[in-house]
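Single-structure report; data block below.
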Amino acid sequence: MDLVTILDIAIGGLLMGGIYALLAMGLSLQYGVARVLNIAHGEFIMLGAFATYTLYTAFGINPLLTLAIVGPIIFIIGFLLHRTLFTRLRISSPSPGAFESRSLLATFGILFIIQNLALIGWGANLRAYSYLNFGVNLGGAIFTANRLVSLGFAIGIGLAFYIFLVRTRMGKAIRAAAQDPATASLMGVNINRVLAICFGLGAVMAGFAGTLLSMRVPINPAMGMNYTIIAIIVIVLGGLGSIPGSFIGGFILGIIGTVVTYIEPSLSLAAYYFIFMLLLLVRPKGILGK
Amino acid sequence: MTKKLLFGLITITLVALVAVPLCSSSCVPAPAPAKDSIVIGASRPLSGMNAMIGDAAFGPIMTMWEEEVNAAGGIYVADYGKKLPIEYLIYDDATDVGTMVRLTEKLILEDKVDILFSSCGTAFISAQAPIANKYGYVLLTAEGGATIMRDALYGLPYVFISLPFSDHYQLPVFADMLAAKGAKTAYIVSIADLHGVEYSGVAAIEFARVGIDLIASVSVPETQEDFSIIIKDAKAANPDVFCVFGYPPQVLPCTAESMALGFNPKCFIAGPGANFGFYQFTFIEALGPNCVDGVLCFAAANRATSPEFAELYDDLEAIVSPAMLDWWGHPYYAPLVQIWQEAIEETGTLDQDILRDYIATHHFDTILGDTYFEMSGEGGGGLLVKETHPGEIGQWQNGVVEIVGGGPWSNTVITADFIYPKPPWPTP
Amino acid sequence: MQILEGEGVTKYFGGLAAVSKVDFHVDQGEIAGLIGPNGAGKTTLFNLISAALVPKPGTIRFKGEKITGLKPHKICRLGLARTFQEVKIFSNMTVLENVLLGSLFGCSTGMSSADASREAEELLEFVGLSAVRTTPAKDLTLVNQKRIEVARALATKPELLMLDELMAGLNPAEVAQAMELVTRIRDKGITIFMIEHVMKAIMSVCDRIMVLHHGEKIAEGTPQEIAISKKVVEVYLGE
Amino acid sequence: MDITALTSRRFLVPGLITLTVLATLPLYGSLYTVILITTILMYIILAVSWVIFSGPTGYMSLASAAFFGVGIYTAAVLMPNTGQLLPLPVVVAIAGLISGLLAVLVGALTLRLRGIYFAIFTFGLVEIIKQVLLYWEFEVTHTRGRFVVLVDNDTVFYIMLGIFVALMLTVYFIRRSKFGLALQSIGENEEAAAHTGINVTMVKVITFGISAIFMGAAGAIMATRWTYIDPYIAFNPLFSFMPVLMAIFGGMGQLYGPVIGAAIFAYLQETLQTTFPYYYMLIFGIVLVVAILYLPNGIVGLIQKLIQRWRKGGSAEQNANT
């Protein structure tokens, strides 16, 4: 194996992992903090992808600039969804377990609703566009520019979010809520608002991932489920509620995926699940789980 | 109080949602029909992954036919002594085979539709064919076709397959074209499903026949997204011919990566996917209308094939976006409705057995020209004969899919010469 | 004869030793007590013995046989039963069913359903719960729920019964009843190993007492010896 | 969860009536009603089987599609349209046993995982079986999809009904047995159960196996309805999620919850797909969300509330009379 191949696999893995990490951080916030296992996570990815597609092809807005438009819109959708639905569910549920199963069911409903609305709005057709689709040479290994840019944004968004969590008041409130919602609310944190913000931010990250994905993957209204599954796997691998865990888990899964594709593509998905399940048996609480 | 009211309201709604259709469908006996329309039933993927195929392929043909027939007052059916308009009864199978099977049986047993239209996707048709056959409903299949289905036709007298597929007669034609140009090596990427396996398998046989070496045949799972490693591997192998036997989610990323990584084999074939308008539209913004020139696809006809095809595509373009035009499937879906119409008008009945025998034994005059099915033995089903095919292989040239390959029979219309090697990918 | 012995029993949680190199033993037929301030590692030691946790390193022997590494249900069937500091009953099952489970599953020798029922009834009589046998366990008072636990443990036919703070949260009259129950159990020939905070109780019923502090055993002896041990007094006063 | 509810006497008479109504269905029901009820029974079997294990133990299993799929595929292999190798009931039994064995193996390996970790592991199981099977079929046996023999609709219906009855009887006998008591105690308090001498792992693994047997059997019989099987069709993740949704929708507090939940869910889906084909997901989604908001304990909660209200109304009337 020569150096270029190693670079191919290593950087290729990072490129794949970057998107996975972004996908997973969003879900990690929603599940790790707000305790909503959002099966409709992929639908927010789809919304982000379609929004970017439409803004780019219809209005010629640079796909990367659409992040600024997609972000606030999806945040509002997510925030309101939590305020109107999940807050009520949380208050009316007798136990955290009951809340989890009820919210799981509710997100299935949301999945159906969003997907159907997308079908009505955009039609069932597959859509794709080409943006920054040229090769960039990194030490002999060539990568498409749109993937490198995606990775850059994924890391940037991840870091910005981490700083937000560590440095800001709201970030601290979120971390407190993740630890123990009851205590956090005793300490004067407006827990419902914090959880709604978490849910909204989680949706935004899904939307961002959708924007970045749309630059290189054909999109359609039914695309979401696969990404939801990837995101769930990553957060489980990383350890529930651990944002760094999700970030690292994303990259690990990306590299595993790339390595197995290199070795035997037809078994890549099988190998992928096998390794994941093996890791889970060795570390039943995820890589950074406690 | 409001809570109580709401609670009651929801209960009533839930009960009503369940009870009303139950009653309307089973409690009230259907009145003896005074026939005033031909009811055509179909279980189609209106949601889920296959919706993107169904919506673009047979869907618009169905819509156009309904408008055309009903504008003319309907189809004359001698049994009823009058013209009957057509009426669709379409259910959503949500891209689930189990649901499709059940809804097909509902259409047949409960709705007692006059005609059954095809479901969408090879696996779906494979499951639908035995069901339609069991109840004696003629099934002219649309989006799908495979060798396993042809093999099953011997026991399925009511089933007629229209769409051409791998060895019938796409890949043999393709292999001969390559041999004529002196291609020596090939590299295949295929999706791990029955379509990918069939095409890669048949291609291996056909390539061997004409002396093309198969360097590699790589199969990928349906969720594979990153094709860079495979394209890099292919580039290193430097084959003359590169084949992507997958769907748009594989075909488009493979094309994009090939462009970006500078992989430009002498021949690049991809499908199904490259035969659709959106293949070009994906790159048109960045690279101009000639963005995918040189890429080959499975395609039968274009506007230059005949005035009828020009009209068909113009009509289609009036109701769907040009990105949805399909140069492979539409030429075969459009004749389906023509065959139905002719069979009903000529036999003057909606009786499935009579219609089946008529379709099995007659030649039809459709936009394909002389159109007929080859029957699989005595009690078998039909396969649209290869001599009906107007073409097998297309190539993007100057932003248009030209027909560059077809069988040596009279219906074939080659619209342009096969360009080999393909021109380099355009640069932005 | 020693029915239970531990050698160098140790358990770390993260970097913290909850139980550190503790050697201990319980003699056949005695009532042994385990005391110590909060967080001394008493319940952890019980959990190690009953195999809710696995010591690392250290070995525990029961009736001369090594039991470290066995599953909890195996240990129970060997004749080592326990109760819990925070009651763990089967809340939605009846009192009788709670105890019946012990007779059905807790013994190494199989028992017919009829025998098991009869025995469960007898044990309910023994702990004084016959009147509420068909009541769901969750509807009982704390003291009665603790009695269910004792009866359930006894139903497994133990040779050694470990009681984890049986008397915590009980009023003086109830404590007296519990003490009486403990001696009655011992009179049945069952060895008892108990954790207790109620000093008066433990001093009066125990034959021998061990003292844990910060996971280490700091003293051992008869109640009288413990009462005057400087080390023990320091620990308790220093708290 | 209390699995006594369905097995207690007050359900005996309604149960027998329902059974009689169902068993004679082909005599008076339309051909399609038989097919629809077969599908609904399939969902009920999946949901109830899921609840048998996941209800008392609290493990959220997403392996249903794996067990169901193994059943489907077993039938596809043993009953090709080119010549049935074994009689249908035997195939159904074999399929159930293979699924059950698989569950026992998987259970022994994975029951130490808890919560979402277990859920995702079991979901991975579905994918891994599908992928390995794809590899095996395409690269080794070179099989591209399998056609299954067509079976008479009434036969399919009766076998499905038979599986359903067997499932209900199993639940009944489990409940009455020592084993059922142990299972219930694990649901109440696993730690206490272990220290009371119950081999909790064994009980859980066996329960997991039993629930898988019925899923596999239902899969085998469904294969004959779908007629064409490939790994994608057999191992559809939908069948992992559906039983969970149906059980929560119906309410897990009582066993009749998943039965009713599955029935309503399946029927609603069918109705919407045929009545509002273009808006089916939208309406279905709204119904789900609304139901979740206003029926916190599922359909069971609603029924219990109604019964309570009715009883209260009844007693109030009595009081007024005296």
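Every chain is numbered from 1 and lettered A, B, ... according to where its sequence line falls, protein lines coming before strand lines.
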Could you state the interatomic distance from CG (Asp55(B)) to CG (Asn220(A)), rounded to the nearest 0.5 Å? 11.0 Å
Minimal non-hydrogen separation, Ala222(A) against Gly48(B), with atom names: CB-C, 3.6 Å
Please classify the contact of Gln224(B) with chain A as side chain, backbone, both or neither, using a heavy-atom distance under 4.5 Å. side chain
Which bit of Leu46(B) is near chain A, if near means a heavy-atom gap under 4.5 Å: side chain, backbone, both or neither? backbone
Proximity breakdown for Tyr129(A) and chain B, heavy-atom pairs closer than 4.5 Å: both
Would you say that more than 12 heavy atoms from the other residues, nucleotides or ligands in this model lie under 6.0 Å from the CZ of Phe274(A), or not? no
Do you know which of Glu285(B), Glu222(B), Met324(B) has the most heavy-atom pairs under 4.5 Å to chain A? Met324(B)
With heavy-atom distances below 4.5 Å as the criterion, would you say the side chains of Met223(A) and Met52(B) are in contact? no
What one should report as the nearest heavy-atom pair of Pro218(A) and Pro248(B) is CG-O, 3.9 Å
If one checks every heavy atom of Leu213(A) against chain B at 4.5 Å, the contacting part turns out to be side chain
Engaged part of Met49(B) at the chain A interface, taking heavy atoms whose separation is under 4.5 Å: both
For Pro221(B) and Ser268(A), work out which heavy atoms get closest and say how close. CG-OG, 3.3 Å
Residue, of Ala192(B), Pro253(B), Ser321(B), Gly54(B), that accumulates the most heavy atom pairs under 4.5 Å with chain A: Pro253(B)
Ranked by heavy-atom pairs below 4.5 Å to chain B, first place among Tyr56(A), Tyr131(A), Tyr227(A) goes to Tyr227(A)
Drop me the distance from Thr57(A)'s OG1 to Ile284(B)'s CD1, to the nearest 0.5 angstrom. 12.5 Å
Please report the interatomic distance CG(Asn133(A)) to CG(Leu261(B)), rounded to the nearest 0.5 Å. 8.5 Å
Side-chain contact test, heavy atoms from C-beta onward, threshold under 4.5 Å: evaluate it for Asn116(A) versus Ser47(B) and give yes or no. no
Ile229(B) side chain reached by Asp8(A) side chain, heavy atoms, under 4.5 Å: no
Distance (rounded to the nearest 0.5 Å) between Ser228(B) OG and Arg216(A) CZ: 8.5 Å
Looking at Ile142(A), is its backbone amide N or carbonyl O close enough to the side chain of Lys232(B) to form a donor-acceptor pair, meaning the two atoms are under 3.5 Å apart? yes
Measuring heavy-atom distances to chain B, does Arg147(A) have an atom under 4.5 Å in its side chain, in its backbone, in both, or in neither? side chain
Interface moiety of Ala256(B) toward chain A, non-hydrogen atoms closer than 4.5 Å: both
What are the two closest non-hydrogen atoms of Phe278(B) and Leu126(A), and how far apart are they? CE1-CD2, 3.8 Å
Quick one: what part of Glu225(B) sits under 4.5 Å from any heavy atom of chain A, side chain, backbone, both or neither? both
Check step by step if side chain to side chain contact (heavy atoms under 4.5 Å, CB included) holds for Thr223(B) and Leu269(A). CA-CA 8 Å; Thr223(B) 50; Leu269(A) 212 58; 3.3 Å; yes
